[in-house]
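To keep things clear, I will list the structure first and then write my remarks on it.
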Number of protein chains: 2
Amino acid sequence: MTRIRERNRAIILIAASEEFARKGFAAARTKDIAARAGVPKPSVYYYFENKESLYADVLESVIGPLLQASEYFHKDCIPMQVLTCFIRARVQLARDLPFALKVLVSEIMHGGERLRPEQIDRISRQELYNVACLQTWIDRGQIAPIEPRHLLFTIFAASQNYLDLEWQVTSHTSDGLPGDVCYEAITQNLLRMVLKACEPDVTEPQGEARALTIEQ
Amino acid sequence: MTRIRERNRAIILIAASEEFARKGFAAARTKDIAARAGVPKPSVYYYFENKESLYADVLESVIGPLLQASEYFHKDCIPMQVLTCFIRARVQLARDLPFALKVLVSEIMHGGERLRPEQIDRISRQELYNVACLQTWIDRGQIAPIEPRHLLFTIFAASQNYLDLEWQVTSHTSDGLPGDVCYEAITQNLLRMVLKACEPDVTEPQGEARALTIEQ
DNA sequence: GTCTATAAGCCGATAGAC
DNA sequence: GTCTATCGGCTTATAGAC
């Protein structure tokens, strides 16, 4: 039966996400992953090819939802609305898949060498599209001239700072996960920072900016 | 002679910074650190107690300069000037000690378990002081009510995104380090984001904010 | 599908010659 | 101080019984 297979794969994948999130790929032990999942170690190798494959599958579990958060990006939508939806989706992703997202952020921060070429490709394409979108808005004068990749990276890193601050005394629920208050606060702070920063300077409009802004 | 000792320690420390920055503590090999430093592996253990001690010393090499960047924080200084100096100092630190800083950021993002208690203490104290400073400004209405720790973390993470974007095609110098243009762009973007976000809303001043703002 | 018992190899750390 | 040669422990991964 394939039902039991799917279930066990899911259980191991979640355990792996947590172990990889806490210790990183190299330091995480398959023994600990198995223990956390409540299965003997060989089961991990029965359901996954090896440790690297398991790691790549953890990354895969979050890449789809991550890219989906970018679906709001369209050149002809209102920039502030797009950014608002985008940031909300990203923070919600951090709430839904905190560990897997942390693994991905850490992986990208370390060069992405363990991402499959196809995964790198999908992320890069989306990134390029989002950058092009932001650049268009900048050229039109709809948003301030902020380097698009820096902006996207800041959102990427900040959207999950809920977990990165856990080593300090913060408000946590009993099971060790940050409470909803925390997520809403992060959303509000990030929204404010990004939207304020992106507000175009009315004192120095760029070229044809005026006319196009009115069209919008 | 202690001169040769200091020199070799420094060489190994730099090599270790680079290896730890690229691979993390667990994945970095002392063999590779020795090779990068151009010394045989036992020399690493002659000059440092063990791998963990070497790692802690790498962190130590950047904690001092990191805390020094906070020297501008004083309750009675002008918030925007403090933040400007602080951000400039942080980005400059990222230029001066890119690898060691990356190790520290990664370490803190993973819970700081490998920081010595005394190192955690120093960082926490400075953090608490900076947070208190920001909170005072918020209470006085001098800056917008942005959660101080989120703001500090965003600056912390964003100030070194030069290296985190290296897996994409960016402008690098021949030796693989980002050029100065990149640093200035990061500084400008970060300054804009933070300063804009911190501008107090004149439309909704808080309580005694007016009077105190004028005093300043 | 599940699990015990073990193989094979790598890595941190050191002994000891120079 | 410097380096070769090696040990001991730990980890991934699997063989093979149930």
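The sequence lines fix the lettering, A, B, ..., with proteins before strands; numbering per chain opens at 1.
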Fill in: Given Glu118(B), Gln119(B), Arg116(B), the one that forms side chain to side chain contact (heavy atoms under 4.5 Å, CB included) with Ile63(B)
Gln119(B)
Item to complete: Tell me what Phe48(A) touches on the nucleic acid: a base, only sugar-phosphate, or nothing, going by heavy atoms under 4.0 Å.
Response: nothing
Worksheet item: Sequence neighbours excluded, which residues qualify as side chain to side chain donor-acceptor pair (under 3.5 Å) partners of Tyr45(A)?
Response: none
Practice prompt. Give a yes/no on whether any side-chain N or O of Tyr46(A) is located under 4.0 angstrom from OP1 or OP2 of dT14(D).
Written response: no
Discussion item. Give me each pair satisfying salt bridge (Lys or Arg N to Asp or Glu O under 4.0 Å) with a member in residues 41-51 of chain B, each pair once, sequence neighbours excluded.
Written reply: none
Worksheet item: Got a sec? Which of residues 7-19 of chain B come in under 4.0 Å of DNA chain D, heavy atoms?
Response: Asn8(B)
So which protein N/O to nucleotides 8-14 of chain C N/O distances come out below 3.5 Å?
{"unit_1": "dC11(C)", "atom_1": "OP1", "unit_2": "Arg29(B)", "atom_2": "NE", "d": "3.2"}
{"unit_1": "dG12(C)", "atom_1": "OP1", "unit_2": "Ala28(B)", "atom_2": "O", "d": "3.3"}
{"unit_1": "dG12(C)", "atom_1": "OP1", "unit_2": "Lys51(B)", "atom_2": "NZ", "d": "3.1"}
{"unit_1": "dG12(C)", "atom_1": "OP2", "unit_2": "Thr30(B)", "atom_2": "N", "d": "3.3"}
{"unit_1": "dG12(C)", "atom_1": "OP2", "unit_2": "Thr30(B)", "atom_2": "OG1", "d": "2.9"}
{"unit_1": "dG12(C)", "atom_1": "N7", "unit_2": "Lys41(B)", "atom_2": "NZ", "d": "3.2"}
{"unit_1": "dA13(C)", "atom_1": "OP2", "unit_2": "Tyr45(B)", "atom_2": "OH", "d": "2.8"}
{"unit_1": "dA13(C)", "atom_1": "OP2", "unit_2": "Lys51(B)", "atom_2": "N", "d": "2.9"}
{"unit_1": "dA13(C)", "atom_1": "N6", "unit_2": "Lys41(B)", "atom_2": "NZ", "d": "2.8"}

Practice prompt. Return the set of residues passing salt bridge (charged side-chain N to carboxylate O under 4.0 Å, His left out) with Glu147(B) (not counting sequence neighbours), or none when no residue passes.
Written response: none
Practice prompt. Can you label the angle between the Tyr55(A) ring and the Phe20(A) ring as parallel, tilted or perpendicular, going by 30° and 60°?
Written response: perpendicular
Response to the item:
Only residue of Val39(A), Ile11(A), Ile12(A) satisfying side chain to side chain contact (heavy atoms under 4.5 Å, CB included) with Tyr47(A) is Ile12(A)
Item to complete: Nearest whole angstrom, please: distance from the C1' of dA13(D) to the CD1 of Ile33(A).
Response: 13 Å
Item to complete: Please list all pairs passing the side chain to side chain donor-acceptor pair (under 3.5 Å) test where one or both residues lie in residues 189-199 of chain A, with sequence neighbours left out.
Response: Asn189(A)-His150(B), Arg192(A)-Asp201(B), Lys196(A)-Asp201(B)
Worksheet item: Is it the case that Arg22(B) places NZ or CZ above or below the six-membered ring of Phe99(B), under 6.0 angstrom from the centre and within 45 degrees of the axis?
Response: no
